[in-house]
Amino acid sequence: MSIPSGVNTSIILRLELDKDTASFGSVATAISDAGGDIIAIDVVRTDKNITVRDITINVYDNKHTELIAAAIRNLAGVKIVHVSDQTFLLHLGGKIEMSPKYPIKNRDDLSRVYTPGVAKVCMAIHEKPSLAHTLTIKRNTVAVISDGTAVLGLGNIGPEAAMPVMEGKAMLFKQLAGVDAFPICLATQDTDEIVNIVKALSPTFGGINLEDISAPRCFEIEQRLIEELDIPVFHDDQHGTAVVLLAGLLNAVKIVGKKLEDCKVVLCGVGAAGTACTKMLMAAGVRNIIGVDRQGAITREGVYDNPFWQWYAEHTNPKQIQGSLSEVIEGADIFIGVSGPGVLKREDVAKMAENPIVFAMANPTPEILPEEAEPYVRVMATGRSDYPNQINNVLCFPGLFRGLLDCRASRVTENMKLAAAKAIASVVQEDELNESYIIPSVFNQSVAERVRDAVIEAAYEDGVARRRKEKVQA
């Protein structure tokens, strides 16, 4: 048996082998027959009777791990001491830590970083509060806030379970843009309480990144915080997705020879991300956008309890097309999926206009797999890393916040988001652009730099930057 394609993790099996009845050869054969790929073998200890070994194996998923473990349990003289998933091992004790910028070596150092020397810094900030941006971690620190109600594709799993995602977000902030971010997961789903907590925490931070908060509460929480705080607030699930989507589309339409503003766009999944994507496209000049949800196309004739669906009905679908996704997609130039797995069928793609563009961004399983869409689609993008053209928020938020902090912006504007999208798209050079390369890699170091510069320029254009431009440039 061979390992299925798309290996995404590895495990470490600690085995105890009885020297009289078991051989390592039988173990290796059992693992291979179960489709496992041994990549490392370590002897932990050995004595006259037993050998204990750690075997690192590439596996496809949890079921594959169970299959390998079952095969080994059938071997005489072999005992599984424990199974360690490499992903779990990486998370032991959390993935981030705090460390001082300056070592405290002696009493003189102590007197400056703490009492009595720190008192004069405190009084300076007391007399001029804006100095907090210069003399504290506020200058370079972002709060990553979640209530755990919409975590990845896992749903409402709670604040504790959301922490590994928020820690990972903090790691990306630091590695890609040098921003210090801290995860704060709240044990409340009450909108008023979340707003009040974030406001109370805001003196510590230079920006607020909202993450994995369910719709429609996320809209109100973000809007109220934008109005009540003097630091930028950004809901990444909405706007980060929208920025990177637009970046990909700006390049995709070049390949198919169309103008984005002339395209008929069908968007499936009118939630937080879908609404933000729509607003971003409208800001870029697109007018013919049809939103589809479980009940079909959203139109002005419909009556919707959700106020955001009501907004959608009033501002989109200019021709008031009605029907299911399969019906309204006929003649569409672009499909955008922020919904769920398998909702778009091959025969639906076949109904689209010539040279269709499909962005199927549901994770982990897209609205249609690239293999199914391939006969009909010209440019395909997903949210997955194992296919070309990954639409990943990581391309946006590190550079965006780097720019916001560096120019000390008071808020995020539409102009900034448009500038960020264009900056991301510009990383792919004209001579590099092709159907499988419309969006840069998340590991491309120039992405964060270009987004930062574009955001700063837009901040000064919009009058929301509070730091002198010459200092930012220096």
Applying side chain to side chain contact (heavy atoms under 4.5 Å, CB included) to A69 and not counting sequence neighbours gives R73, I80
### Salt bridge present between R384 and D386 (N-O < 4.0 angstrom)
yes
Residue F88 excluded, over 12 heavy atoms near CZ under 6.0 Å
no
Quiz item: Should we count NE2 of H82 as having more than 12 external heavy atoms under 6.0 Å?
Solution: yes
- request: Decide yes or no for L267 and T278: does some side-chain heavy atom of the first lie under 4.5 Å from some side-chain heavy atom of the second?
  value: yes
Checklist entry - Side chains of I368 and F335: does their closest heavy-atom pair fall under 4.5 Å? => result no
4.5 Å side-chain heavy-atom contact, P398 and V179: no
task: Applying side chain to side chain donor-acceptor pair (under 3.5 Å), run through Y387 and E371 and close with a yes or a no.
output: CA-CA 10 Å; Y387 290 112; E371 295 89 343; 3.0 Å; yes
Closest heavy-atom pair, A425 versus A247, reported as atoms and distance to 0.1 Å, is CB-O, 3.5 Å
query = Between Q189 and N156, do the side chains contain an N or O donor and an N or O acceptor separated by less than 3.5 Å?
reply = yes
### Query
T241 and N393: side-chain donor and acceptor closer than 3.5 Å?
yes
Subject >> Backbone of E16 reached by a side-chain donor or acceptor of K79 within 3.5 Å >> reply: no
Worksheet entry | Side-chain (K417) to main-chain (M280) donor-acceptor, under 3.5 angstrom | no
Exactly one candidate in L172, V244, D236, V447 meets side-chain contact (heavy atoms from CB on, under 4.5 Å) with V394; the answer is L172
| query | More than 12 heavy atoms of other residues, nucleotides or ligands under 6.0 Å from NZ of K128: is that the case? | reply | no
For A273 and V338 the tightest heavy-atom approach is CB-CG1, 4.3 Å
* Salt bridge flag under 4.0 Å for residues R53 and D42 -> no
Query raised in the report: Would you find more than 12 non-hydrogen atoms of other residues, nucleotides or ligands less than 6.0 Å from E432 atom CD?
Result: yes
Ignoring hydrogens and geometry beyond distance, is a side-chain donor-acceptor pair present between D462 and T413 at under 3.5 Å? yes
Practice item. Indicate yes or no: does D192 engage R224 in a salt bridge with an N to O separation below 4.0 Å. Key: yes
Quiz item: Regarding Y304 and Q295, is there a side-chain donor-to-acceptor distance under 3.5 Å anywhere?
Solution: no
- Task: Please check if the side chain of H315 supplies one atom and the backbone of W311 the other of a donor-acceptor pair under 3.5 Å.
- Result: yes
Tightest non-hydrogen contact, residues P164 and A161, listed as CD-O, 3.3 Å
query = Can you find a pair of side-chain heavy atoms, one from T188 and one from I194, that are under 4.5 Å apart?
reply = yes
message = Hydrogens and angles aside, do T275 and Y312 bring a side-chain donor and acceptor to less than 3.5 Å of each other?
response = no
Do any N or O atoms from the side chain of W309 and from the backbone of V270 form a donor-acceptor pair under 3.5 angstrom?
-> yes
- Query: So with a 6.0 Å cut-off around CD of E374, is the heavy-atom count from everything else above 12?
  - Reply: no
Q) For atom CZ of F182, is the number of surrounding heavy atoms from other residues, nucleotides or ligands below 6.0 Å larger than 12? A) no
Is the terminal nitrogen or CZ of K169 (NZ for Lys, CZ for Arg) located under 6.0 angstrom from the six-membered ring centre of F397 and within 45° of that ring's axis? yes
>> With a 3.5 Å distance limit and no angle check, can you tell me whether H64 reaches the backbone of A34 through a side-chain donor-acceptor pair?
In response: yes
Check: Are S446 and N444 close enough that a side-chain donor and a side-chain acceptor fall under 3.5 Å?
Finding: yes
Worksheet entry | salt bridge (charged side-chain N to carboxylate O under 4.0 Å, His left out) evaluation trace for E457 with K469 | CA-CA 9 Å; E457 193 62 36; K469 197 169 187 179; 3.4 Å; yes
Under 3.5 Å, is there a donor-acceptor pair between the T191 and E220 side chains? no
Inset, instruction - Quick one: do R14 and S84 satisfy side chain to side chain donor-acceptor pair (under 3.5 Å)? Show the steps, please. - result: CA-CA 8 Å; R14 177 160 290 185; S84 301; over 6 Å; no
Using only atom types and a distance under 3.5 Å, with no angle test, would you say the side chain of S146 pairs donor to acceptor with the backbone of E211? yes
Of all heavy-atom pairs linking A124 and L131, the shortest is O-CD1, 3.6 Å
Return yes if a side-chain donor-acceptor contact under 3.5 Å exists between T382 and Q390, otherwise no.
-> no
Notebook entry, point to check: Is a side-chain N or O of N363 found less than 3.5 angstrom from the main chain of G383, in a donor-acceptor match?
Noted result: yes
Subject >> Any donor-acceptor N/O pair, N389 side chain to E435 backbone, under 3.5 Å >> reply: yes
*asked:* Between the side chains of R467 and D406, is the shortest nitrogen-to-carboxylate-oxygen separation below 4.0 Å, so that they form an ion pair?
replied: no
Subject >> Side chains of R402 and N140, donor plus acceptor under 3.5 Å >> reply: yes
Check your understanding: Is it true that R217 and E222 have a side-chain N and a carboxylate O under 4.0 angstrom from each other?
Key -> no
Less than 4.5 Å apart, any side-chain heavy atom of I456 and any of Y460?
yes
Between the CG atom in N209 and the CG atom in L400, the distance rounded to the nearest 0.5 Å is 9.0 Å
Checklist entry - Got a sec: does the CZ of R466 have more than 12 other heavy atoms crowding it under 6.0 Å? => result yes
Do F401 and F173 make the cut of ring centroids closer than 6.0 angstrom? yes
Next on the checklist: So does V343 get a backbone contact from the side chain of E367, meaning a donor-acceptor N/O pair under 3.5 Å?
Outcome noted: no
Donor-acceptor pair between Q445 and E449 side chains, under 3.5 angstrom:
no
Between V451 and G399, the two heavy atoms sitting closest are CG1-C, 3.6 Å
Original post:
Any donor and acceptor pair, going by atom type alone, linking the side chain of D180 with main-chain N or O of T141 inside 3.5 Å?
Top reply: no
